[in-house]
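See below for the structure under consideration.
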Number of protein chains: 2
Amino acid sequence: MRIEKIDLINQVYETLKHNIINGTLAAETPLRQEELSESLGVSRQPISHALVLLEREGLVTELGRKGKMVTPVRAQHLSDLYQVRAELDGLAASLCAQNRTPGLEETLERVLEQGRRAISENSLELLLLADIEFHRALYTHSGNPEIGRIADSSWNHLVRAMHQVLNDASIHQAVWSDHQQIAEAILSGNSEQARELARSHANSSAELTAKRLTIP
Amino acid sequence: MRIEKIDLINQVYETLKHNIINGTLAAETPLRQEELSESLGVSRQPISHALVLLEREGLVTELGRKGKMVTPVRAQHLSDLYQVRAELDGLAASLCAQNRTPGLEETLERVLEQGRRAISENSLELLLLADIEFHRALYTHSGNPEIGRIADSSWNHLVRAMHQVLNDASIHQAVWSDHQQIAEAILSGNSEQARELARSHANSSAELTAKRLTIP
């Protein structure tokens with residue numbers, strides 16, 4: 001009985017999170033419990049619980065007395081997240097280069113190939129998956145689990161922005177040429193170069209995002 | 001009725017957290033619900049809820065089938081946390097130096113004075129408070145709220161270690177001379193120097209901690 005209840009909350013939570021991140025539920029959409037309860041076919045209780053969880057993660061925000069809404073995508077927030085990510089990605093890349101664990105080369109090759117395929121198929125969804133996987137590979141192989149743990153809490157927000165920014169196909173080549181260079185620096189064991197390339201990749205993603213989000 | 005229940009969980013949570021962080025509940029102490037319920041004078045339900053919250057924060061760990069215990073202080077975990085903190089502290093210090101907000105000088109002077117007083121009174125508790133306040137001042141004045149948000153999740157673990165490491169009074173002068181130098185670099189607007197001093201301060205804290213935790 002209890003497990004079913006928790007499971008229902010989780011299902012509602014995952015569904016709403018997925019729809020917020022991929023933009024199906026656009027920024028600032030009001031989230032009315034009755035409407036959600038009707039459209040998802042569940043009672044209001046699991047909806048209310050799931051909204052509290054999403055609010056804690058910053059994906060849902062109070063809308064004054066009017067209830068809750070999908071958190072707006074704020075350019076300043078994304079710029080703050082990217083500023084921190086530049087340091088974490090730099091650290092992860094430099095650790096990978098210092099400590100080339102077995103499997104690292106294979107993993108990087110596989111993910112780079114995944115990116116090339118996504119570009120040739122012009123699939124935004126595959127491109128995003130490959131992008132996340134590239135960065136997660138660096139966190140995993142860094143040997144410091146705290147980097148991935150911290151990065152997890154900001155990726156949801158970044159992916160929301162990427163859904164808007166990556167719509168511009170001209171960016172795809174540049175992103176994956178950056179990834180290629182970071183991988184090469186890591187595999188050649190040049191940890192300072194790997195750090196600098198990973199930092200500047202995050203900084204240019206931040207600039208692209210800021211440009212796209214401030215131009216209407 | 002509901003608020004009272006949540007309040008009770010919070011009270012139990014805060015009490016246990018405080019005692020774990022300051023070492024009253026030592027690492028690896030078994031946490032038996034009946035005993036805790038008796039010693040804190042509350043029913044087992046709020047205890048069980050509070051333990052789940054503490055487990056999520058990594059302060060409580062499963063002890064096989066035997067129940068739960070206070071998470072061991074692991075040298076590797078602290079070294080991972082300090083490695084990330086070196087980057088975040090470096091970023092915060094460099095941002096403070098680039099963007100000297102009103103009140104920054106006053107705040108730093110006040111906290112440095114707090115540290116000097118704690119040393120002269122030889123009070124471990126005051127020293128820890130001043131130490132946390134020094135670093136939190138850098139996060140706050142960095143202008144990037146994500147830095148403080150992330151740092152919060154690791155400070156509980158670091159403070160547990162500091163309770164052991166700072167027992168050695170010979171370290172106090174060195175810690176606060178580092179803080180003084182970081183503050184000077186920030187106030188003179190030298191952002192790269194501020195970054196490097198803050199990073200190396202975290203790295204030497206990491207080394208001190210590793211040395212104290214591995215020597216029995």
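Remember, it's a predicted structure, so these values are computed and weren't measured experimentally.
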request  = Please state whether the side chain, the backbone, both or neither of A/R195 comes within less than 4.5 Å of a heavy atom of chain B.
outcome  = side chain
request  = Please check if atom CZ in A/R74 has more than 12 non-hydrogen atoms from other residues, nucleotides or ligands closer than 6.0 Å.
outcome  = no
task = Give a yes or no on whether a salt bridge exists between A/E87 and B/R199, defined as a side-chain N under 4.0 angstrom from a carboxylate O.
result = no
ask   = Which distance, rounded to the nearest 0.5 Å, do you find between the CD of B/Q76 and the CG of A/N144?
value = 8.0 Å
inquiry  = Heavy-atom cut-off 4.5 Å, strictly under: side chain, backbone, both or neither for B/L81 against chain A?
reply    = both
More than 12 heavy atoms of other groups within 6.0 Å of A/E57 CD = yes
request  = State, to 0.1 Å, how close B/D80 and A/P145 come at their nearest heavy-atom pair, and which atoms those are.
outcome  = OD2-CD, 3.3 Å
ask   = To the nearest 0.5 Å, how far apart are CD1 in B/I150 and CD in A/E146?
value = 11.5 Å
task = Would you indicate whether A/E105, at its atom CD, is surrounded by more than 12 heavy atoms from other residues, nucleotides or ligands within a distance under 6.0 Å?
result = no
